[in-house]
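What follows is a single structure, written as structure tokens, with notes after it.
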Amino acid sequence: TILFTLITVSLSLLLTARREIGRGWAWFWKGFRGSRSELAGRGLILLSLLLSLAFAALFLAHNAYFAALWRVRAENLADYLNKIYIGPRTAYALSAWRTWEDSPFLGTGAGASGFYMYRFLPEWVLTFLPEIAAQLNPQSLLFPNPKNLYLRLLSESGWLGFSLFLLFWFHLLADILSLARSSPLGRALFRAGLFFVVAASLYYFSQDSLAQPALWIVPGMVLGLLPVERSAR
């Protein structure tokens, strides 16, 4: 989540606020050629940024999830993925991909991927992932899902459903981009909408549900404002 947030904020700022970033950068470096007070102010800003980065690095180094990325010792890739806490999701993703390969055009049907995923699980789950191995018990009532919306759409609706989702997603992006040169409210929604598209596109790599209301708030706002902006042009 932290990584997705950093990527989303960085891309959104680069795409929507390059002019403001350029002005801020020019203002910052101009201070090093000014008076002593301006130089001291820039030095304090730079020191604050460096300290913030140092504290962030120190915090992440003591976080078990992040520290595992470089501290664990693994015998192979599967063992490494398990020890950095993404083994189950990787196994589900591989299984969903193989499920799609078994029926690439129409898929298994909506919500039915879990009926097929167990037969396509990689062999190493039995050795490295007791969590999944326990689910293979005939008495288990657990129902797996891909944990990845793109793979879920592929495995359950095939190329047809996946293509329709991409058409919807790109249509929404085009509507958001059309607000870039509209009213102040429209431009604000353009920035928020672009942030949403980037965040949701990354979010769907680790979640596979379209039933979360928060994911539809920004698209609803964009679609509601578009007729007003178009009539005002």
Side-chain angles (χ1 to χ4, degrees), residues 1-8 63-66 68-69 72 74 76-173 195-220:
T1 302
I2 295 176
L3 179 61
F4 287 170
T5 301
L6 291 175
I7 295 175
T8 301
N63 184 282
Y65 288 96
F66 280 93
L69 294 174
V72 299
N76 49 51
L77 179 60
D79 187 28
Y80 175 75
L81 293 175
N82 185 39
K83 289 182 177 179
I84 63 172
Y85 310 105
I86 62 172
R89 288 183 180 271
T90 303
Y92 288 138
L94 291 173
S95 178
W97 178 263
R98 294 172 182 175
T99 301
W100 166 73
E101 289 181 326
D102 192 56
S103 180
F105 296 105
L106 297 178
T108 63
S113 61
F115 292 113
Y116 301 86
M117 285 177 56
Y118 278 138
R119 73 176 69 169
F120 295 112
L121 284 169
E123 295 180 358
W124 51 267
V125 303
L126 300 176
T127 305
F128 295 102
L129 299 179
E131 169 189 332
I132 295 182
Q135 296 179 22
L136 298 177
N137 186 324
Q139 297 180 349
S140 175
L141 299 178
L142 298 175
F143 192 74
N145 57 73
K147 305 295 185 181
N148 181 310
L149 181 65
Y150 306 110
L151 292 176
R152 183 165 191 171
L153 288 171
L154 280 173
S155 62
E156 295 185 359
S157 58
W159 277 117
L160 178 61
F162 185 73
S163 300
L164 290 175
F165 175 79
L166 287 183
L167 287 175
F168 160 75
W169 205 240
F170 285 119
H171 188 279
L172 174 63
L173 179 60
F195 184 94
F196 162 80
V197 169
V198 175
S201 299
L202 295 173
Y203 178 76
Y204 286 146
F205 279 106
S206 61
Q207 299 292 332
D208 62 2
S209 175
L210 289 171
Q212 299 180 12
L215 293 176
W216 300 106
I217 293 176
V218 174

If you define the side chain from C-beta out and look only at heavy atoms, does anything of [X] sit under 4.5 Å from [Y]?
X    : Y    : result
L210 : Y204 : yes
F120 : W97  : no
P88  : K147 : no
F196 : L172 : yes

Taking the side chain from [X] and the backbone from [Y], do they hold a donor-acceptor pair closer than 3.5 Å?
X    : Y    : value
N148 : S206 : no
S155 : R152 : yes
W100 : L153 : no
E156 : G111 : yes
S95  : A91  : no

Calculate, to the nearest 0.5 Å, the distance between atoms [atom1] and [atom2] belonging to [X] and [Y] respectively.
X    : Y    : atom1 : atom2 : answer
T99  : F115 : OG1   : CZ    : 12.5 Å
L160 : F105 : CG    : CZ    : 11.5 Å
R98  : L94  : CZ    : CG    : 5.5 Å
Q207 : N145 : CD    : CG    : 9.0 Å

With sequence neighbours excluded, residues passing ring pair (Phe, Tyr, Trp, His ring centres under 6.0 Å) with F162:
none
So, W169 versus Y150, ring centres under 6.0 angstrom or not?
no
Please find the pair of heavy atoms, one from W159 and one from S163, that lie closest to each other, and give the distance.
O-OG, 2.7 Å
